[in-house]
2 protein chains.
Amino acid sequence: MELLLLSNSVLPGNGYLDHAVDPMRALLKDRRKALFVPFAGVTVPWDDYTARVRQAMAPLGVELQGVHTLDNAVDAVGRAEVIIVGGGNTFNLLKCCRERGLLSAIAGRVRGGAAYIGWSAGANLACPTICTTNDMPIVDPGGFESLGLVDFQINPHYTNQLPAGHQGETRNQRLAELLRARPEMTVIGLPEGDWLEVDHGQTRLAGPYDAVLFRAGQEPVTLKPGPTPLPTTF
Amino acid sequence: MELLLLSNSVLPGNGYLDHAVDPMRALLKDRRKALFVPFAGVTVPWDDYTARVRQAMAPLGVELQGVHTLDNAVDAVGRAEVIIVGGGNTFNLLKCCRERGLLSAIAGRVRGGAAYIGWSAGANLACPTICTTNDMPIVDPGGFESLGLVDFQINPHYTNQLPAGHQGETRNQRLAELLRARPEMTVIGLPEGDWLEVDHGQTRLAGPYDAVLFRAGQEPVTLKPGPTPLPTTF
């Protein structure tokens, strides 16, 4: 399996998906027929969201269709060379995929050789569950299990900072609660600007920042970007 | 019904629940037999959590039992004069209450005259759903419907600030997504340090800060603390 899992879509001072273009090119190779899954978009119309991503990926020669426009989305997933899942609200994304029978279709197709690109909610969807999302539970997705294409959980937009003076839980406290309730999980806190490249069972961290690995009963471990695969395969 | 719904438990420079003592006293009147629901606590043992709240409420003469220690919690809820629900993880709180059959028991008892005190997750639990929690979905609560003792949603720890340089959604963006998906909802963004006093259908905002009222298709409205009831009853 080949996946590109990005923390987020925009870096300060950069255009939409700018920082993702080079890793996308490396992932795509000669694949060009892509399906876009816009269901994490809630306040943006899915056509507009698809157009925005199409424009950002045009320099890569990608031919991109919105999965919401197709009469038989499951069949189309089965023929796609690339599946791209955008960010937004993770609960809405999972609910819409589940209702349309797309979870097993996407997982099967990526296991069968399609490339998977996801950012933010789209990166979370590739994990066993969406239990590490930061999003508000605006709709009930009918279960938290998701694609399970990797065997770790991503916490996108990872930071341990709080707004000044705020008393709410820090991200590390939230992840400590998660690992108390779900000690079998491994979590990668993926800061904005970073991404994970998953290539046939090996996961590599890339981007400008250190990430953090969380496991139950252990102190958080700093992960350095670089060519060495992460210790995240079980 | 009489409820006290607090955004949070601690203010900077103050002791645990210090800012809640005066409004608790006003709510309690001559009620003294209280049940504490500690299920939002995930990394803190429920006995420790109960002891901490017991100590904080001792100056009020409250006799407090942890609902987790009782053989028949549903019966005990039916006899309680006060039900107190602490903060922590809202998903864990709702799951544990649902599994023990406590949702309808608590709702029925509060409708029957018991006072309800909740902070953070405990304030969210009093709402129709937990869809406005900021917490991480560490466990599946088996549906997002909660007590429905008020007909609006509370967003506790409300702030629209992000940590410096962070690109994730602001709270107002998250609430705009919620109201797109659930346009029937009314949300009160309740800043830390504030609380709502609900007394027989009238809701009053108290504390040092303005809150914010969110409704679908409308600009957010600033709510001022004071004696005037809020426009939140439908």
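Computed over heavy atoms, backbone and side chain alike; hydrogens, waters and symmetry mates excluded. Residue numbering restarts at 1 for every chain, and letters A, B, ... go by the order of the sequence lines. Remember, it's a predicted structure, so these values are computed and weren't measured experimentally.
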When you look at CD of E99(B), are more than 12 heavy atoms from neighbouring residues, nucleotides or ligands closer to it than 6.0 Å?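 Count over threshold, so yes.
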Name all residues meeting the salt bridge (charged side-chain N to carboxylate O under 4.0 Å, His left out) criterion together with D194(B); count only those two or more places apart in sequence or in a different chain, and write none if there are none. none
For chain A, the option from P12(B), P191(B), S7(B) that forms the most heavy-atom pairs under 4.5 Å: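 Heavy-atom pairs under 4.5 Å are most numerous for P12(B).
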Please rank L11(B), T129(B), L175(B), T159(B) by heavy-atom pairs under 4.5 Å with chain A and give me the top one.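 Heavy-atom pairs under 4.5 Å are most numerous for T159(B).
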What part of L179(B) lies closer than 4.5 angstrom to a heavy atom of chain A: side chain, backbone, both or neither? neither
Side chain, backbone, both or neither: which part of R174(B) has a non-hydrogen atom closer than 4.5 Å to chain A? both
Heavy-atom pair of closest approach, residues I138(A) and C131(B):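 Result for this residue pair: O-SG, 4.1 Å.
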Grab the two heavy atoms, one from P137(B) and one from I130(A), that are nearest each other, plus how far apart they are. CG-O, 3.7 Å
Non-hydrogen side-chain atoms of N155(A) and M136(B) separated by less than 4.5 Å: yes
Heavy-atom cut-off 4.5 Å, strictly under: side chain, backbone, both or neither for L178(A) against chain B? both
Taking side chain as everything from C-beta outward and backbone as N, CA, C, O, which of these in E169(A) sits under 4.5 Å from a heavy atom of chain B? Side chain, backbone, both or neither. side chain
For residues 86-97 of chain B, give me every residue with a non-hydrogen atom less than 4.5 Å from any non-hydrogen atom of chain A.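 Counting heavy atoms that sit under 4.5 Å from chain A, the residues of residues 86-97 of chain B involved are G88(B), N89(B), F91(B).
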Between N8(A), V10(A), D135(A), which has the largest tally of heavy atom pairs under 4.5 Å with chain B? D135(A)
Closest-packed option against chain B by number of heavy-atom pairs under 4.5 Å, given E192(A), Q161(A), E177(A), R180(A): E192(A)
For V139(A), does its backbone N or O pair with a side-chain atom of R182(B) as donor and acceptor, under 3.5 Å? no
